[in-house]
Amino acid sequence: YISKPVNKKDATGESKFTRAVARIVRDGTLVHCYLACGHMLTMHKDEISAPSSMECWACEAEGKEH
């Protein structure tokens with residue numbers, strides 16, 4: 001799963017769906033990023049380093065449902 005590019009920005013210049021990364025678990029070629037919002041995003045290790053925050057596409061999708 002690939003985090004979508006940030007397009008919606010608030011006054012601070014960050015996406016309103018940017019979430020803090022609570023922890024990162026490396027599993028072979030995969031990296032699981034557990035976000036403060038409770039979601040987990042999994043990416044290939046070459047697609048990500050060690051971010052302190054990232055855009056949560058799951059929160060964005062939930063926001064569109066309401």
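Both backbone and side-chain heavy atoms feed into the values below; hydrogens, waters and symmetry mates do not.
Met43 places none of its side-chain heavy atoms less than 4.5 Å from the side chain of Leu30. Within the 4.5 Å cutoff, side-chain heavy atoms of Glu60 are placed close to those of Glu55.
Listed here is the closest heavy atom pair of Ile48 and Cys33: CD1-SG, 3.6 Å. In terms of heavy atoms, Gly28 sits closest to Lys45 at O-CD, 4.1 Å.
Interatomic distance, OG of Ser49 versus CD1 of Ile24, reported as 7.5 Å (0.5 Å rounding). Between the CG atom in Leu35 and the OG atom in Ser53 there is a gap of 9.5 Å [rounded to 0.5 Å]. Between Cys56 atom SG and Glu62 atom CD the span is 7.5 Å, to the nearest 0.5 Å.
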(message) The test is side chain to side chain contact (heavy atoms under 4.5 Å, CB included); show your working for His44 and Thr29 and say whether it passes.
(response) CA-CA 6 Å; His44 192 271; Thr29 61; 3.8 Å; yes
(request) Begin from the C-alpha positions of Asp27 and His32 and carry the test side chain to side chain contact (heavy atoms under 4.5 Å, CB included) through to its verdict. (result) CA-CA 7 Å; Asp27 180 19; His32 307 290; 3.6 Å; yes
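Through direct or relayed side-chain contacts under 4.5 Å between Ile, Leu, Val, Met, Phe, Trp and Tyr, Met40 connects to Val25, Tyr34.
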